[in-house]
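The structure under discussion appears below in the form of structure tokens.
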Amino acid sequence: KAGVTQTPRYLIKTRGQQVTLSCSPISGHRSVSWYQQTPGQGLQFLFEYFSETQRNKGNFPGRFSGRQFSNSRSEMNVSTLELGDSALYLCASSWTGLPNTEAFFGQGTRLTVV
Amino acid sequence: AQTVTQSQPEMSVQEAETVTLSCTYDTSESDYYLFWYKQPPSRQMILVIRQEAYKQQNATENRFSVNFQKAAKSFSLKISDSQLGDAAMYFCAYVSVINTGTASKLTFGTGTRLQVTL
């Protein structure tokens, strides 16, 4: 079966712009989580959506937002981009979002802010 | 807040040998899961092994096994018969299962880069 698909794979944006990243989970999975990976801060949890509802949120400013559609596809949006937002953004999907079910990760979107 | 510490930024092992990656964590909770994830150059995180805190038996998956010491809050990964394809970043991660609101949030360590040499 198809894995978790993230689009686009690479993105270059200018400071002050906004960006939308997409994550298509494995068919049947209802939970989608987003993580930011940087050399300085490592892997940090952004938020998790389950059945179109945000169920958990990390410690990121309000410029970072997300949503989930009825088909479980998820998008995350970053407004007013800053240089520090340059990172690899990973999404993970699972049946329930609970740790007794495996989370499958996508290959990420590499965002560069210039 | 829970923290996960990986004190070995880099490790090296010869092919067919055994290597152990260290991980310690800090939590006041009694019910949680621990994971080891592998991130190859393709960037895709892959689950290697999972351990439930209430299970005393150490988890094993083929050549991968863990040494889970709950009292010491230690969770090391042993890779036996190392292969070239094992070369990657390895991340230790923790998740609380107090409620569904927290159970989806993985807290990761900083990672250990494993090199496998001939």
Side-chain angles (χ1 to χ4, degrees), chain A residues 2-6 8-10 23 25-26 29-51 53-60 66 68 74 87-111, chain B residues 1-10 23 25 27 29-55 59 61 64 75 88-113:
Chain A
V4 178
T5 303
Q6 291 188 245
R9 292 288 306 278
Y10 300 90
C23 174
I26 291 172
H29 285 190
R30 296 166 66 189
S31 168
V32 174
S33 298
W34 288 88
Y35 291 84
Q36 181 196 63
Q37 186 175 20
T38 61
Q41 298 298 317
L43 282 149
Q44 294 186 288
F45 174 80
L46 281 154
F47 29 64
E48 185 237 358
Y49 286 86
F50 182 80
S51 293
T53 300
Q54 188 181 83
R55 191 163 62 174
N56 200 353
K57 188 176 187 302
N59 296 322
F60 278 81
Q68 187 180 36
S74 178
L88 179 67
Y89 290 88
L90 294 165
C91 83
S93 80
S94 73
W95 289 105
T96 64
L98 300 178
N100 59 350
T101 59
E102 182 175 348
F104 293 85
F105 282 80
Q107 289 187 286
T109 294
R110 171 78 68 187
L111 172 64
Chain B
Q2 293 79 26
T3 58
V4 178
T5 302
Q6 294 180 250
S7 58
Q8 306 155 314
E10 288 192 15
C23 172
Y25 59 96
T27 183
E29 297 165 357
S30 59
D31 198 8
Y32 51 88
Y33 280 70
L34 294 163
F35 305 83
W36 278 98
Y37 279 92
K38 169 185 177 181
Q39 188 178 39
S42 68
R43 312 182 314 202
Q44 189 168 18
M45 301 282 279
I46 301 164
L47 177 64
V48 174
I49 201 163
R50 168 175 50 205
Q51 175 78 44
E52 300 167 71
Y54 69 87
K55 286 189 176 179
E61 286 287 343
F64 299 88
F75 183 61
M89 281 289 288
Y90 285 82
F91 291 94
C92 178
Y94 166 102
V95 67
S96 164
V97 293
I98 285 181
N99 56 60
T100 55
T102 62
S104 58
K105 176 184 176 183
L106 287 164
T107 299
F108 287 91
T110 51
T112 296
R113 183 173 301 281

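Convention: sequence-line order gives letters A, B, ...; per-chain numbering from 1. Just so it is clear, the model here is predicted, and its values are computed rather than measured.
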### Task
Counting only heavy atoms closer than 4.5 Å, note whether S33(A) contacts chain B via side chain, backbone, both or neither.
side chain

### Message
Using only atom types and a distance under 3.5 Å, with no angle test, would you say the side chain of Q44(B) pairs donor to acceptor with the backbone of F105(A)?
### Response
yes

#### Entry: Part of T110(B) within contact of chain A (heavy atom distance under 4.5 Å)
neither

### Query
Is it the side chain or the backbone of A103(A) that comes within 4.5 Å of chain B heavy atoms, both, or neither?
both

### Task
Please check if the distance between the ring centroids of F108(B) and F45(A) is under 6.0 Å.
no

### Message
Can you tell me which of G42(A), G108(A), S94(A), G106(A) forms the most heavy-atom pairs within a distance under 4.5 Å of chain B?
### Response
G106(A)

### Message
Given heavy-atom pairs under 4.5 angstrom as the criterion, report whether the side chain, backbone, both or neither of Y35(A) touches chain B.
### Response
side chain

### Task
To the nearest 0.5 Å, tell me how far R110(A) CZ sits from R43(B) CZ.
5.5 Å

### Task
Under the side chain to side chain contact (heavy atoms under 4.5 Å, CB included) rule, what do L47(B) and F104(A) come out as? Steps first, then yes or no, please.
CA-CA 8 Å; L47(B) 177 64; F104(A) 293 85; over 6 Å; no

### Query
With a 4.5 angstrom heavy-atom cut-off, which part of Q37(A) approaches chain B: side chain, backbone, both or neither?
side chain

### Task
Measure Q39(B) against the heavy atoms of chain A and call it side chain, backbone, both or neither at under 4.5 Å.
side chain

### Proximal component of T101(A), with respect to chain B [non-hydrogen, under 4.5 Å]
backbone

### Task
Sort F91(B) into side chain, backbone, both or neither according to what part of it lies under 4.5 angstrom from a heavy atom of chain A.
side chain

### Task
Determine yes or no for a side-chain-to-main-chain donor-acceptor pair under 3.5 angstrom, with R50(B) supplying the side chain and P99(A) the backbone.
yes

### Within 6.0 angstrom of R113(B) CZ, more than 12 heavy atoms from elsewhere
no

### Distance in Å, E102(A) CD paired with I46(B) CD1, rounded so as to fall on 0.5 Å steps
10.0 Å

### Query
Of the backbone (N, CA, C, O) and the side chain (C-beta and beyond), which part of L43(A) lies under 4.5 Å from a heavy atom of chain B, both, or neither?
both

